[in-house]
Amino acid sequence: MLNIVAICGCGMGSSVILKMNAEKALKELGVPAKLEVSDSTTGKGAARSADLVLIGKELAYLVRDIDKPIIQLTSFVNKQEIKDKLKEYCEANGLL
Amino acid sequence: MLYERCEQIIDMLIHSQTPVTIGWLAQKLSVSSRTVRSDLDVIDQWLKEYSLDPTVRVAGVGVLLKDPEGKIETLLKKTGSDGYVMSSKERVRAITGWLLAERPTTSIVEIAEQLDVSPATVSNDLKKVRSWMQKNGIQMVSKPHVGICVRDTENNIRRGCVMILREMLETSTNQQTLISARFVQAEQSMEKYQMNSFRKTLEMWREQILTVIQALQDSAQVKISDNGFCAMFLYLLTAWTRIREGHAISAKENTYAHIKIQQGFDGGKIHNLIKKETGMDISKDEMFMIHAEWMSLRKFGASHEINVESILIAKELIEEVKESLELEFEEGEDTVMELATHINVMRYRLFLDIPAEHNPVLKEIEETFPDVCQVVREKLWSIMRGRLGEISWEVCSHEAVYIAMYIVACMMKNPLEGVQKKNIIIVCNSTIATSKILESRLKSLFDNINVVKTISYNEFVSASELPDCDLVISTMPLESKKYQCITVNPLLKLEDVNRLMKIFMLRMQKVDINKYISATINIAARSLELKPEERIKLSIELAKNINEEVNGLDNRKKPELRTLLEEPLIAVKVKAKNCYDAIQAAGELLKNRGCIEQRHIDEMIRIKKKLGGYMVIDKGVALPHLLAPELPGPCMSMITLERPVKFGHADNDPVSLVIMLVSNNNTVHIKVLEELVDLLGDAEKRKKMDEAEHVYEILNMISG
C-alpha cells in the first residue's frame with residue numbers, strides 16, 4: 001500500500017482536488033494507495049511519514065529538505081498530468 | 001340526535017313550571033337516577049348543538065329547563081326519529097348491522113323500503129357492505145329469489161357485530177364521551193341505525209354490563225384501559241344480545257389447549273353475577289369466550305400468570321432480531337418478562353382474531369424501526385402459526401409492531417458497549433481546577449468519551465505535535481486548522497451538551513444511529529426517571545430530529561456546485577488591478593450575501609502573500625480558499641476578470657477565473673470540487689466561461 005500525502009495551502013482546496021484526481025488515476029493504474037491531505041503547516045510532518053508527496057509547484061519549497069519522492073504539479077485540475085506523473089513514478093519503483 | 005327517553009325528559013321538563021327532581025324523573029321513566037343523569041348530559045349536548053342554554057341542575061332542588069319561545073319544542077318535532085335520513089355511510093353501516101344480527105334473510109326491496117331509498121341505491125350500498133364483510137372475513141351470500149344473508153359461524157358473526165358497533169358508535173373518537181356517560185349514547189345510536197335487538201339489550205342491561213366489567217376488574221385486581229373498557233362493553237353487549245336472541249357460541253375449548261382459564265378470572269363468580277343481574281344462565285362455552293375476550297384486553301398481568309412458553313417466545317424473538325440484524329444488546333430479565341406478559345395476552349387476541357388496541361406510537365415505531373418490525377413480523381407469524389394454527393396475518397402483523405416496540409426499548413438500555421470511544425483533548429487556561437471540572441463533567445455525561453490529554457492554551461498553541469484526537473474541547477475560543485474545536489462553558493451548560501451531542505453524532509456517521517439515540521436517552525434518563533414508553537417516545541422524537549439533522553448534513557455535506565453558486569455569487573468581466581483586488585472582489589460577493597466577513601477575505605489575502613501562487617490550480621484559474629469552522633457550511637463565489645492578472649505562478653499565470661471557496665470542514669465540499677474539476681477540465685467550457693458576457697451563461701454551464 002502506497003501512502004501518499006497531498007499538500008496545499010490549507011488542506012481543503014487544491015490538495016483535496018489533487019487527492020481526488022490522484023485517487024482516480026491510481027485506481028485506473030491499478031495501484032493500491034492511501035491518500036491523505038495536509039496543509040502548509042502540517043505538511044512537512046505528514047510528508048515525513050508518507051511514501052510519496054504530491055504538491056503544487058508553488059509550494060514545493062515547503063518540502064524541499066525532505067528526503068522523500070515528490071511529485072510537483074503545475075495543474076491540480078489536469079488529470080492527465082497527474083496520471084502521467086504517477087505512472088512514471090510507479091513504473092520507476094516497480095509498482096506497475 | 002336524541003332518543004326517545006331524552007325526548008320524554010325534555011317534554012316533561014319544558015312543561016313543568018317548577019324544578020323536577022332526578023328521582024322523580026327516574027321513577028316516571030322506570031330507570032335509575034344514574035341513567036337520568038346520563039340522559040341529561042346527552043340533552044345538554046344536544047341543546048348545545050343548537051346553541052340553546054343547557055338544563056339548570058340545582059342540588060336539592062331539581063332540574064329546570066325553560067323554553068319560553070317554544071324553540072325546543074319546535075326542534076323536537078322537527079328532529080323526531082321518524083324523519084331521520086341516513087347518509088350513505090350510515091346506510092352501509094345499518095345494512096351491515098342488519099345482515100349480521102337483525103335479519104336472518106333480507107332482500108334489496110325490503111331494505112329499500114326500510115331505508116326509504118330506491119332499490120338501486122341499496123344495490124349500490126350492498127357493494128360496500130360486501131367489501132366490508134370480505135375485509136373482515138365474514139361470509140355473505142346473496143341468491144336471486146331467496147335474498148341476502150350472512151352465513152357464518154357465530155364466532156365470526158359476533159366479531160363482525162363488535163366491529164360494526166365500533167363504527168356505529170364511532171368509538172375511536174367518542175370513547176371518552178361514551179365512557180363518561182356510561183354508554184347512554186349507544187342506545188341513541190342503536191335507535192338511529194334501527195339495531196333493535198341491540199337497543200333492547202341496552203335498554204334492559206346497560207348498567208348490568210357495566211357492573212360485570214367492574215366485577216371482572218375487581219376479581220382480577222386490575223384496571224383496564226379505556227380502549228379495553230370500550231371493547232369489553234361492546235363484546236358483552238353483542239354476546240348478551242346474541243344469547244338473548246337464541247344464538248349459542250361454541251368455543252371448542254379442548255382444541256385450544258394453550259388458552260387456559262387464568263388465575264384472576266373467577267368464572268363461577270362472574271357466571272353467578274350475570275345470572276343475578278340478567279337472569280341468563282350462561283353456558284360454559286360462553287364463559288370461556290368472555291374469559292378469552294377479557295384476557296385479550298388486559299394490559300398487564302401479574303408475573304405468576306405468565307406462561308413459560310411466552311417467555312420462550314419472547315426470548316426467541318429477541319434472538320431473531322439480534323441475529324438477523326446483527327445487533328448487539330443485552331436484554332434485561334425485566335424486558336423479557338414485560339414482553340412475555342404482552343405475548344401472554346396477545347395469544348388471546350390472535351385466538352379471537354381481534355386486533356390490539358390502537359396506539360399512535362405504533363405507526364412511528366414502524367416508520368422509525370422498519371427493519372426490527374419486519375424481522376419480528378415474520379418470526380412471530382411463523383411461531384404463532386405453529387402454536388395456534390390458523391391466525392389472521394393482519395392481526396399478527398399488528399401485534400408484531402407492539403413486540404418490536406418492546407425490543408427497541410430493550411436495545412436502548414445498554415447501547416454503547418462496543419462503540420468506539422471518541423478521543424478528545426481538553427484545552428484550559430493553565431488552571432488545573434477548571435479542566436478537572438470539565439473533564440469529570442464530560443465523563444459523567446458521555447459514556448463514549450476518552451480524554452487523551454488536558455493541556456493549557458499556551459501548550460496547545462506552541463505544541464508542534466499533538467496527539468491524535470477527534471475533537472478539541474476548550475473553555476476559551478480556539479481555532480485550529482487541524483482539529484475540530486468547540487468552545488464550552490467549563491460547567492458544561494445545557495446548550496454545550498446539546499452542541500457536543502450534535503458533534504458526536506455528526507462525527508459518528510457510520511455507526512448505527514439508534515445507538516446514539518440511546519446514548520442521548522441515557523443522558524436524559526439520568527436526570528429524569530423515564531418509563532419505557534416515555535423512553536421510546538423520546539427516542540422517536542430524537543430519531544426524527546437526528547434523521548433530519550443527518551439528512552440536512554448529507555445535503556450540506558455534498559452540496560452541488562449549482563446549489564452553492566447562486567446567481568448573486570457569480571460575476572463576469574470584473575475589473576481588478578492585481579490578484580489582491582481579484583480576491584477582494586470574489587470575497588465581496590460572499591460578504592454581501594452574509595456568508596463570510598471581511599476578516600475571512602483578509603486572511604485569504606494574507607495566505608496569498610505568504611504562500612505565493614499556490615492557489616493557482618490550473619492555467620488561468622485561481623482558487624483562493626479558507627477553512628473557517630465557525631461557518632455553518634461551505635460557500636463559494638466565482639468571478640471572471642476583464643483583464644487577467646498575475647497571481648505569481650510560474651506556469652499558470654495570468655489568471656482570468658477566480659473561484660473562492662470558504663468551508664467549515666475540509667471534506668464537505670468534495671463533491672463541489674469534483675464537479676469543478678470536471679468543469680475546468682472541459683477546455684471548451686473553460687473558454688466559454690472566459691468569454692461569457694453575462695452571469696446566465698456561466699450558470700447554464702454549471703447546471704448543464
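Convention: sequence-line order gives letters A, B, ...; per-chain numbering from 1. Being a predicted model, the structure only gives us computed values, none of them experimental.
For A:Lys24, the NZ atom sits in a packed shell: over 12 heavy atoms of surrounding residues, nucleotides or ligands are nearer than 6.0 Å. For NZ of B:Lys646, the number of neighbouring non-hydrogen atoms (other residues, nucleotides, ligands) closer than 6.0 Å is 12 at most. A 6.0 Å sphere centred on NZ of B:Lys573 holds more than 12 heavy atoms belonging to other residues, nucleotides or ligands. Applying the 6.0 Å contact sphere to CG of A:Asp67 captures no more than 12 heavy atoms from other residues, nucleotides or ligands.
For B:Val621, no part sits under 4.5 Å from any heavy atom of chain A, backbone or side chain. Proximity to chain A is limited to the side chain of B:Leu623, based on heavy atoms less than 4.5 angstrom apart. Contacts between A:Lys79 and chain B at a heavy-atom distance below 4.5 Å involve the side chain alone, from C-beta outward.
Looking at heavy atoms from C-beta onward, A:Thr74 lies out of side-chain contact with B:Lys619 at the 4.5 angstrom threshold.
Nearest approach of B:Ile617 to A:Ile17, heavy atoms of both residues: CD1-CD1, 3.9 Å.
B:Asp618 places no side-chain N or O within donor-acceptor distance of the main-chain N or O of A:Asn78, the cut-off being under 3.5 Å.
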